Amino acid sequence: MLREIRPAIVLLLGLTAITGFGYPLAMTGVAEAIMPNQAQGSLIERDGKVVGSSLIGQEFKGEEYFHGRPSATLGPDPQDSTKTVPQPYNAINSMGSNLGPTSKALIDRVKEDVEKLKAENPSMPVPIDLVTTSGSGLDPNISPEGALFQVPRIAKARKLPEDRVRQLVTDKVEGRLGGLLGEPRVNVLALNLALDAAALK
Amino acid sequence: MTMIGWIQIALYCAVVLALVKPLGGYMTSVFNGERTFLSPILRPVEAGLYWIGGVDEKREQHWLTYTVAMLLFHVVGFLGLYAIMRLQAVLPFNPAGQSAVAEDLSFNTAISFITNTNWQNYGGESTMSYLTQMLGLTVHNFLSAAAGIALAVALIRGFARSSMRTIGNFWVDITRCTLYVLLPICIVYTLFLVWQGMPQTLGAYVDATTLEGAKQTIAVGPVASQVAIKMLGTNGGGFFNANAAHPFENPTALSNFIQMISIFALGAAMTNVFGRMVGNPRQGWAILAVMGVLFIVGVAITYGAEASGTTGLNALGLTGGNMEGKELRFGIVASSLFAVITTAASCGAVNAMHDSFTAIGGMIPLINMQLGEIIVGGVGAGLYGMLLFVVLAIFVAGLMVGRTPEYVGKKIEAREVKMAMLAILVLPLMYLGWTAVAVVLPSAVASMANAGPHGFTEVLYAFTSATGNNGSAFGGLTGNTFFYNLTLASSMFVGRFFMIVPAMALAGSLAAKKSIPASAGTLPTTGGLFVGLVIGVILIIGGLTFFPALALGPIVEHLAMTASTLF
C-alpha cells in the first residue's frame, strides 16, 4: 500500500500541471490571439467607452428604451452590507428567482407586472417572457413579440413613427439556427443601440 | 409541444448514437494500451509521468490494490484542493480579490469536486479566484471523470477476463484516460466554445457604463477551458452561479446543443467499450437500449409538463409554457431536454432553474437521479451503476427459471448479488435518511426558499443530487450552512465511494471466475426480453424505494397546483 503513495502524489502534481496550468493558459493564449473579441467577453464600445457585452443583458428602466426580461439577481444592500437587496442584471451574481409553480410570491409578482403591461399596451396579449425572470437573471434577449409589444410606448417617448420603430425590431430579429435550434429572439442591447442611432439621424 | 421541438430531440439522439461506435472504438484501444494516432505526441508525456511516479505500467493490480490506489489518489487530491481554496487570497491570479473560502464551504466543495458531484454551495464569480477555478476545480473536473471511467473499465475487465487475479493498473488507466481521451477533446471543444462567445481570459472583471448611464460590472474569466471538461466529464460545476443558464457559460443555441451532446458522448460510448471488451458489441447496444427507453420516456414527460405551463401563470392569460427560470434563447424544449440529460447522466449542469420547473417537469430529474443515474449516467459511473442493476436483473431471471444465472459468460452467484445490493441500497439510505433529519430540524427547514410541498422537494432534491454525485439543485435552498455543508458532503462521499468499493469487489470476484460458453439454457442478453427485464427491475427497485417520498413532494404539489392552491 505504501508503494502507491508516490504515484498518488507525483501523478496528481503532474496531471495538475498539465490540466490545471498548461491547458487553461495555453487555451487562453490561443483564444486571445485568434478570437480576442469573444475571449474578452464580447464587449461593445460606443464612442470609445464600454457600454456592455452583447451576451449579457442590462437593466433598462426609461420609457425610451426597450426593456429586457425581469431579473432576479441580488446585490449588497448599500445601507447594510450583510444583507442583499434586488439588483437587476447584476453581472457578478447571476441567479434565477427559484420560485416554484405553487409559489404565491411568484404569482403575485407576475400578476402585478401583467397589469402594468396591460395598461401600457391593451392591444396585444402580454408575452410571457416580459413577466418571467430568466435562469441567469442576465438574459440578453426578449422574444420578437416582447419587442413588438413595447413599440407604441417607445414610439411615443421618442416621438418616432411606430412603423419606423417596428421596422427596427424586425431588422434585429434572429431566427432559429438552421431553422431548427434555439428560439426566435431579439437582443435588447443591440436593439436599443440601433434605436439610439436611428434617433440621431 | 411542437413539431420543431421533437425534431430537435430526435436530432440530438441521432448525433449521440452516431458517436457511440467511433468513440467506443477509440476508447477501447486507449484502455487496451494500444498505440493511437495521438501517441507520437502524448506517449513521451505519459512515459515521463510513469518514470517520475515510479509506476511500472506492465504490472497490473489486484482489485484491492486498484481500489486503494484510487482512494489514496483522492485523499491527496482532497487535501490539495482544500488548501488552494483556503489560501486563494494570498495566491496569484486573483484579480477580483476573492477572500479565503470558509472552512466548511471548502470542505464541502473539495468533497464535491473529488467525487465528480460538483455540487455548489457557492457562486463561482463571487467566491473563487481564477487560480482556484483552474488549478483546483478544472483539475478535479478532469481527474474525477478519468477516475470514474477507469473504474468502469476495471469492472468491464472483470467481466471480460477469465481466471485472473488482476483488473488493470489504476495509474495507467487514469493517466491514459486524461491524456488520450479527455484532454484532446477539450482542446478542440474549448476553441469551439470561445468561437460561440464564451470568455477565456485572465483579465479582471469589466466595468461597463450602460446606455442609461448605470455602472455594470461584468464577471469574465478562463471560462471556456473549464466548461469544456465540465460537460465532457459529466461534472457540471459552473464557472458562474447560474451555470449553463449564464450567457457566458452557454452563449447560443448551438453551444447548448453541443454541450448536451458532450454530456452523453463518453457515457454512451462506454456501453460500446463494454461490448467490445466482452467480445460482443451487441451486449453494449442492449444496455444502451435500456438507457434509451428510460431516457425518451423522461424527456416526453418533462417536455410535456413544461410546455403545458403552470396553472397559476396560465390563469393570468399567459401562453407559451413555463418560462420562469428559463433563458429565451433555449426556450421550453432545449431547457426541458437539458434538464433530463443532465440528471440522467450525473452531470448536474443546468441551463434553466430546476426549482422553477413545474412539479411533474421537476420530478423527472429527481427520479433520474434516484434511479442511480444509470441512464447513460456519469462517465464510467453510469456504466458500473447500470451493470449492478444488470446483475440483479439476471439474478431475478435466474430465480424465475431455477437456474444459476449467467451474464456474458460469468456465473452470477451469492457474492456478486450481495455486492450489487450493497451498492444499490446505500444510496437511498443517504438521501432518504438525511432528508428525514433535515425536515425535523428547524434550522434546516429555514433554508427552504419555497413554502409547502415545494420546500420539501428542495431538500429531497439536494440530498438526492449529492448522493447521486449529480450536483444540480433546486437552487432556492440555502445550502451554505454548517448543517448542509457537512451532511451534503457526507452524502457525496458515501454516494461515490460506498458504490465504488463493492463494484470493485465485484470486478475482482468476476475476473477470478472461469468464463463459461453460452449454452441452450443461457438467457440471451442482447434481445428485447432482456432489455424489458432490466427496465422492470430498475423501475421496481427504484419505485419501491422512493415513491413514498415523491408522493410527499412533487406529486402532492402537482395536485395542489391543479387546484390553484398557492403557498
Side-chain angles (χ1 to χ4, degrees), chain A residues 1 4-12 14-16 19-20 23-24 27-28 31 35 38-42 49-53 55-56 58 60 62 91-96 98-104 107 110-111 114 128-129 132 134-136 138-141 143 177 181-183 185 192, chain B residues 49 52-55 68-69 72-73 76 125-126 134-135 138-139 142 171 178 190 194 197 199-201 208 210-211 216-220 222 225 240-242 245-247 251 253-254 257 310 312 316 318 320 323-325 327-329 331 352-353 355 358 449-450 454 475-476 560-561 566-567:
Chain A
M1 188 180 150
E4 307 297 339
I5 290 180
R6 177 172 156 201
I9 295 171
V10 170
L11 286 182
L12 181 76
L15 293 173
T16 298
T19 62
Y23 158 71
M27 291 290 97
T28 306
M35 296 174 279
Q38 288 101 314
Q40 287 164 17
S42 309
K49 276 196 305 188
V50 176
V51 294
S53 161
L55 291 171
I56 302 292
Q58 55 182 246
F60 289 100
I92 50 171
N93 194 18
S94 55
M95 63 168 76
N98 285 314
L99 296 174
T102 52
S103 161
K104 189 167 183 310
I107 299 300
V110 174
K111 193 186 266 176
V114 165
I128 192 162
D129 53 301
T132 48
S134 63
S136 61
L138 303 173
D139 197 335
N141 299 310
S143 65
L177 180 71
L181 294 181
E183 301 292 329
R185 63 205 177 276
N192 282 331
Chain B
L49 284 171
I52 308 171
V55 176
V68 166
L72 270 176
F73 189 65
V76 179
E125 68 269 47
S126 56
M134 294 192 299
L135 212 53
T138 302
V139 168
F142 274 98
W171 305 119
T178 308
T190 301
V194 175
Q200 179 69 27
T201 175
T210 68
L211 297 194
Q216 185 186 37
T217 303
I218 300 173
V220 291
S225 57
F240 299 104
N241 189 40
H246 195 295
L254 182 62
F257 190 73
T310 76
L316 294 170
L318 300 166
M323 279 303 285
E324 180 70 14
E327 297 284 305
L328 195 98
R329 62 195 177 284
M353 294 300 121
D355 210 348
T358 61
N450 284 269
H454 199 81
M561 183 189 83
L566 297 178
F567 298 94

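By convention in this document, chain letters (A, B, ...) are assigned in the order of the sequence lines, proteins followed by strands, and residues within each chain are numbered from 1. What you see below is based on every heavy atom in this structure, not just the backbone, and it leaves out hydrogens, waters and symmetry mates. These figures come from a predicted structure and were not determined experimentally.
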Seminar exercise, completed: chain A shares the most heavy-atom pairs under 4.5 Å, among B:S126, B:A449, B:P247, B:A69, with B:P247
Exercise. Any donor-acceptor pair under 3.5 Å linking the side chain of B:Q200 with the backbone of A:M35?
Worked result: no
Exercise. So do A:S103 and B:H454 actually touch side chain to side chain, heavy atoms under 4.5 Å?
Worked result: no
Exercise. Measuring from A:M95:CE to B:M353:CE, what's the distance to the nearest 0.5 Å?
Worked result: 10.0 Å
Exercise. By a 4.5 Å heavy-atom criterion (distance strictly below it), what part of B:T310 contacts chain A: side chain, backbone, both, or neither?
Worked result: side chain
Problem set entry | Which residues share a ring-ring contact (aromatic ring centres under 6.0 Å, His included) with B:H246, sequence neighbours left out | B:F240, B:F248
Seminar exercise, completed: Interface check, chain A: of B:A253, B:G325, B:A352, most non-hydrogen pairs under 4.5 Å belong to B:G325
Exercise. Within a strict 4.5 Å, meaning less than it, do heavy atoms of the A:S143 and B:L328 side chains meet?
Worked result: yes
For this session: Under 4.5 Å heavy-atom distance to chain A, tell me which part of B:V76 shows up: side chain, backbone, both or neither.
Result: both
Problem set entry | Flag side-chain contact, heavy atom, 4.5 Å: A:M27 against B:P222 | no
Exercise. Which heavy atom in A:Q38 sits nearest to a heavy atom in B:G197, and how many Å separate them?
Worked result: CG-CA, 3.8 Å
Seminar exercise, completed: Of B:I218, B:V55, B:T178, the largest count of non-hydrogen pairs under 4.5 angstrom with chain A goes to B:I218
For this session: Decide whether A:Y23 and B:T138 meet the rule of one side-chain donor and one side-chain acceptor closer than 3.5 Å.
Result: no
Exercise. If we only count heavy atoms from C-beta on, is the B:W171 to A:L11 side-chain gap below 4.5 Å?
Worked result: yes
For this session: Identify the residue among A:D129, A:V114, A:T132 that makes a side-chain contact (heavy atoms from CB on, under 4.5 Å) with B:L318.
Result: A:V114
Seminar exercise, completed: The interface call for B:F257 against chain A, heavy-atom contacts under 4.5 Å, is side chain
For this session: Would you give the length of the straight line joining atom CD of B:E324 to atom OG of A:S134, rounded to the nearest 0.5 angstrom?
Result: 9.0 Å
Problem set entry | B:A245 versus A:G135, closest heavy-atom pair with distance | CB-C, 4.0 Å
For this session: Please state whether the side chain, the backbone, both or neither of B:F567 comes within less than 4.5 Å of a heavy atom of chain A.
Result: both
Exercise. If you tally heavy-atom pairs under 4.5 Å against chain A, which of B:M323, B:E327, B:R329 wins?
Worked result: B:E327
Exercise. Taking C-beta and beyond as the side chain, do A:L15 and B:V139 meet within less than 4.5 Å on heavy atoms?
Worked result: no
Exercise. Are any side-chain N or O atoms of B:N241 and backbone N or O atoms of A:S94, one a donor and one an acceptor, separated by less than 3.5 Å?
Worked result: yes
Problem set entry | Shortest non-hydrogen contact between A:P24 and B:S225, atoms and distance | CB-OG, 3.7 Å
For this session: Please identify each residue that fulfils ring-ring contact (aromatic ring centres under 6.0 Å, His included) with A:F60, with sequence neighbours left out.
Result: A:Y65
Exercise. Which distance, rounded to the nearest 0.5 Å, do you find between the CD1 of A:I128 and the CG of B:L316?
Worked result: 9.0 Å
Exercise. Chain A heavy atoms under 4.5 Å from B:Q216: which part of the residue, side chain, backbone, both or neither?
Worked result: side chain
For this session: Of all the heavy-atom pairs spanning B:V194 and A:A39, show the shortest one and how long it is.
Result: CG1-N, 4.1 Å
Exercise. For the side chain of B:N450 and the backbone of A:N98, is there at least one donor-acceptor N/O pair under 3.5 Å apart?
Worked result: yes
Seminar exercise, completed: Most contact-rich option vs chain A, by heavy-atom pairs under 4.5 angstrom, among B:T201, B:T358, B:L254, B:V220, is B:T201
